[in-house]
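Single-structure report; data block below.
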Amino acid sequence: MRVPSHSINVRLLYVSRAVGPQTTTMTTTILAQAQANNPAQGITGVLCQGQGFFFQVIEGERSRVNALYRRISADTRHQDVDILHYEEIHERRFGQWSMALVHLSVDDPMVKLHHPDFDPYSASGPQVMQQVMDLLEAGQPIRMPAA
């Protein structure tokens, strides 16, 4: 998706640790909220969850992405929220999704083979972004059904 040239658009990548178990109910709630709110704000992205942590890529107009990140940082379902990468963009990587989900299973052969000791807190932003891209290329995104 091409981004209009009259606004400054950004891509933000953050990581956080789950406060409790990462349940289907929690994930469904997060995705439903994102898919209800993000289109009106021009926000797109992907949420990766599993192994006790989340990492998420958010794209959109800078002030809207920053405002969303502030709300995410205050969300009590997770802690240790850290920005890993933040950049201005001219084109979106995840423009087709108001928010897609990638589940990171400990048993996922993609995670084991390509990133066996993956720890997003000790990895660089580009390494985590590559993890997201590898998972998406392997056909892992899960889309929520339309309401």
Side-chain angles (χ1 to χ4, degrees), residues 1-19 22-105 108 110-111 113-115 117-147:
M1 167 187 260
R2 194 89 178 130
V3 176
S5 59
H6 62 275
S7 63
I8 296 174
N9 291 277
V10 298
R11 179 177 301 118
L12 182 148
L13 167 63
Y14 77 87
V15 64
S16 65
R17 294 186 196 283
V19 169
Q22 292 175 318
T23 65
T24 302
T25 301
M26 177 199 307
T27 303
T28 302
T29 301
I30 291 169
L31 287 175
Q33 288 171 338
Q35 292 178 344
N37 298 325
N38 289 355
Q41 297 297 314
I43 301 285
T44 58
V46 61
L47 170 67
C48 301
Q49 70 139 60
Q51 302 179 32
F53 61 85
F54 296 97
F55 55 93
Q56 184 172 23
V57 180
I58 306 166
E59 299 173 322
E61 194 277 322
R62 181 174 55 197
S63 64
R64 291 180 177 186
V65 168
N66 292 347
L68 176 57
Y69 178 74
R70 285 190 297 274
R71 286 192 302 277
I72 288 168
S73 295
D75 191 318
T76 59
R77 294 173 287 196
H78 59 170
Q79 60 192 357
D80 304 328
V81 182
D82 284 336
I83 294 175
L84 299 179
H85 190 71
Y86 188 93
E87 66 181 327
E88 289 185 10
I89 59 172
H90 298 289
E91 199 165 317
R92 295 180 193 230
R93 288 187 179 169
F94 309 106
Q96 68 270 40
W97 299 307
S98 59
M99 193 54 57
L101 169 69
V102 175
H103 180 70
L104 303 174
S105 168
D108 188 324
M110 173 65 194
V111 174
L113 178 64
H114 295 290
H115 308 278
D117 299 316
F118 182 69
D119 174 7
Y121 285 95
S122 63
S124 71
Q127 287 172 322
V128 177
M129 186 63 73
Q130 187 59 54
Q131 168 82 1
V132 172
M133 298 309 295
D134 288 350
L135 289 163
L136 290 173
E137 287 174 18
Q140 300 298 317
I142 301 165
R143 295 173 195 90
M144 289 287 291

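Keep in mind that what you see is a predicted model, and the values were worked out from it rather than measured.
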Set of residues satisfying side chain to side chain donor-acceptor pair (under 3.5 Å) with respect to Tyr69, sequence neighbours excluded: none
Side chain to side chain contact (heavy atoms under 4.5 Å, CB included) against Arg93, all qualifying residues, sequence neighbours excluded: Arg11, Glu59, Met129, Met133
For Asn66, side chain to side chain donor-acceptor pair (under 3.5 Å) partners two or more places apart: Tyr86
Residues which pass side chain to side chain donor-acceptor pair (under 3.5 Å) with Thr29, listed by chain and number, not counting sequence neighbours: none
Residues that Ala36 engages under side chain to side chain contact (heavy atoms under 4.5 Å, CB included), provided they are two or more places apart: none
Partner residues of Phe94 under the ring-ring contact (aromatic ring centres under 6.0 Å, His included) criterion, sequence neighbours left out: none
Side chain to side chain donor-acceptor pair (under 3.5 Å) involving Arg77 - partner list, sequence neighbours excluded: Gln33, Asp75
For Pro126, side chain to side chain contact (heavy atoms under 4.5 Å, CB included) partners two or more places apart: His85, Ser124
Residue pair Ile58 / Ile72, side-chain heavy-atom distance below 4.5 Å: yes
Contacts of Arg17 that satisfy side chain to side chain contact (heavy atoms under 4.5 Å, CB included) - sequence neighbours left out: Gln79, Asp80, Tyr121
Note, Phe55 side chain near Leu47 side chain (heavy atom, < 4.5 Å): no
Backbone N/O of Ser63 and side chain of Glu61: donor-acceptor pair under 3.5 Å: yes
Leu12 side chain near Val57 side chain, heavy-atom distance below 4.5 Å: no
Minimum side-chain heavy-atom gap Gln49-Gln56 below 4.5 Å: no
